[in-house]
Protein chains: 2
Amino acid sequence: MTDRQPGLTSPKAQLIAGEVRRRIVGREWQQGERIPDEAELAVEFGAARATVNKALQLLADEGLLDRKRRAGTRVAVNPARKAVFTIPIIREQIERAGMEYSHRVIAQRRSPVPDPTAARIGVPAGREFIHLRAVHYGDDRAFQFEDRWINPDSVPGLDKVDFRHQNANEWLVRNAPYLRADIAFSAENADARDARLLHIPKGQALLILHRTTWNDTGPITTVRIACHPGYVMSTTN
Amino acid sequence: MTDRQPGLTSPKAQLIAGEVRRRIVGREWQQGERIPDEAELAVEFGAARATVNKALQLLADEGLLDRKRRAGTRVAVNPARKAVFTIPIIREQIERAGMEYSHRVIAQRRSPVPDPTAARIGVPAGREFIHLRAVHYGDDRAFQFEDRWINPDSVPGLDKVDFRHQNANEWLVRNAPYLRADIAFSAENADARDARLLHIPKGQALLILHRTTWNDTGPITTVRIACHPGYVMSTTN
DNA sequence: TAGTGGTCTAGACCACGTC
DNA sequence: ACGTGGTCTAGACCACTAC
């Protein structure tokens, strides 16, 4: 570790993280055990402490290490299992699968937000949002049914947009950057409307994605997306 | 930034990230637009370039910025939507909800891995794994049905463990650290066995979690977890 | 080929929380 | 109280790639 091959650039912090990970996986450093402090590792690896710090923070983010001031760094006893999902843009996903994307707007109108939804996103009952329902297709096969409420106050010019010619999701992504997003997965049996719009039997198990975005003035949009049967959401990597 | 208030420690990198985020959300810096380079921002914010770099990397990880050498940093056109889920340890989750955790092992025996599963995790067809099926309860209500295959070669001493008295998940977490994990969500209608074990009607939509862990020698364990109806997996935060 | 981000270093100060 | 991690700085060299 005294030098780096030219042309073989592997950030030193990642090399260190890899070596520490190897020692943990190889049981060289046992769960709950304290590992050498940053200064010691810096000497061992011939690196600056900042570099070691970066490496160990990586592993702490992965959940493999628990770090506390004064108490030192310990191998996590119950490694947190974190999973990162990239929420796909439906059009890109369909096109990447070699299919032709299209979408159809079922309805677009101003309408009072239903009480349960209003409560969930923290707006007064009876507030009018833009209610949009649309189906996304790949080669004429229905992929997703989207039921969306958009806060008209969150984005100027929203009333003038006609989402029949403009994917709501993409328009919002481009025109209403958000500060915070909530996402939740669940499973539901297809109700009559889901079944009709996705061309599937009623009762079919569907993966449901609920997603709400916020900026500093309040909620921007909340959406329930019903995915076609067989849809799998998997970790990126 | 000549001084920092004592007791009011907000890492400078995060302050910078917050300000840049504000400018993006406030449309001050438009999507696709190039923002000042690190050196300029360092001067503006009175910080070292490394600090600005850290802040901008944070935002790039969030998907808000696209960074390229020589080309500079631009506001992302299609902000990637990433979601981080913490896969809960079922016992902790149940106990946190104030219920009493228990679990029952339905079966534990060596058995050849079914072909589709073997193919999915990349082991030769017919290999014998330990096949474990268990139900997790909270206050006698069934929460999850777990159908797991464990590679006996991956962990020494595995054959001697009796999972009737030892939660398999937790034992593995503590005794078989992994290098890589795949996780996938989907939805399935409850089959007869799911229905019987979870005490629900057949056909009920269930959130299904597939999870496989690996170390450098191959797969450690793969599991299908069927969650009780109404289970919601949501982002941490 | 030159501008920009990626990364490292050596040193420093500080906050936190265990001892 | 003091050891440990958290963070910042100023400077440096390098890799990538748009120009």
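From a predicted model like this one, the values you see are computed outputs, not experimental measurements.
Between A/Phe185 and B/Phe85, the gap from one ring centroid to the other is short of 6.0 Å. Aromatic ring centroids of A/His136 and A/Phe143 lie 6.0 Å or more apart.
When each of A/Lys68 and A/Ala50 is assigned the nucleotide of DNA chain D with its nearest heavy atom, A/Lys68 is the one assigned upstream, toward the 5' end.
Distance B/Ile16 CD1 to D/dT7 P: 13 Å, rounded to the nearest Å. Taking atom CZ on B/Arg67 and atom P on D/dC16, their separation rounds to 16 Å, with Å as the unit. In this structure, CG of A/Leu58 is placed 16 Å from P of D/dG5, rounded to the nearest angstrom. Rounded to whole Å, atom P of D/dG5 lies 8 Å from atom CZ of A/Arg49. In this entry the distance linking CD of B/Glu38 with C1' of D/dT9 reads 15 Å, nearest Å. Distance CG (B/Asp66) to P (C/dG5): 13 Å, rounded to an integer number of Å. The separation between A/Leu59 atom CG and D/dG5 atom P is 13 Å, rounded to whole Å. Between the NZ atom of A/Lys54 and the P atom of C/dA10 there is a distance of 16 Å, given to the nearest Å.
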(request) Take B/Ile24 and B/Arg22, measure what side-chain contact (heavy atoms from CB on, under 4.5 Å) needs, and give me the verdict at the end. (result) CA-CA 5 Å; B/Ile24 293 170; B/Arg22 195 194 61 70; over 6 Å; no

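Between D/dT4 and A/Arg34, a contact under 4.0 Å exists linking OP1 or OP2 to a side-chain N or O. Between A/Arg69 and the phosphate of D/dG3, there is no side-chain N or O to OP1/OP2 separation shorter than 4.0 Å. At C/dG6, one or more side-chain N or O atoms of B/Asn53 fall inside 4.0 Å of OP1 or OP2 (strictly under the cut-off). Dashed line: the shortest gap from a side-chain N or O of A/Thr51 to OP1 or OP2 of C/dT9 is under 4.0 Å. In terms of phosphate contacts, A/Thr73 brings no side-chain nitrogen or oxygen within less than 4.0 Å of OP1 or OP2 of D/dT4. Taking 4.0 angstrom as the limit, A/Gln57 places none of its side-chain polar atoms (N or O) nearer than this to OP1 or OP2 of D/dG5.
Backbone-only engagement by B/Ala13 is indicated by non-hydrogen atom pairs under 4.0 Å involving sugar-phosphate atoms exclusively. Using a 4.0 Å heavy-atom cutoff across all strands shown, A/Arg70 reaches at least one base atom of the nucleic acid.
For B/Arg91, the side chain to side chain donor-acceptor pair (under 3.5 Å) partners two or more places apart in sequence, or in a different chain, are B/Glu95, B/Glu170. With sequence neighbours excluded, the residues that form a side-chain contact (heavy atoms from CB on, under 4.5 Å) with B/Asp37 are B/Ala39, B/Glu40.
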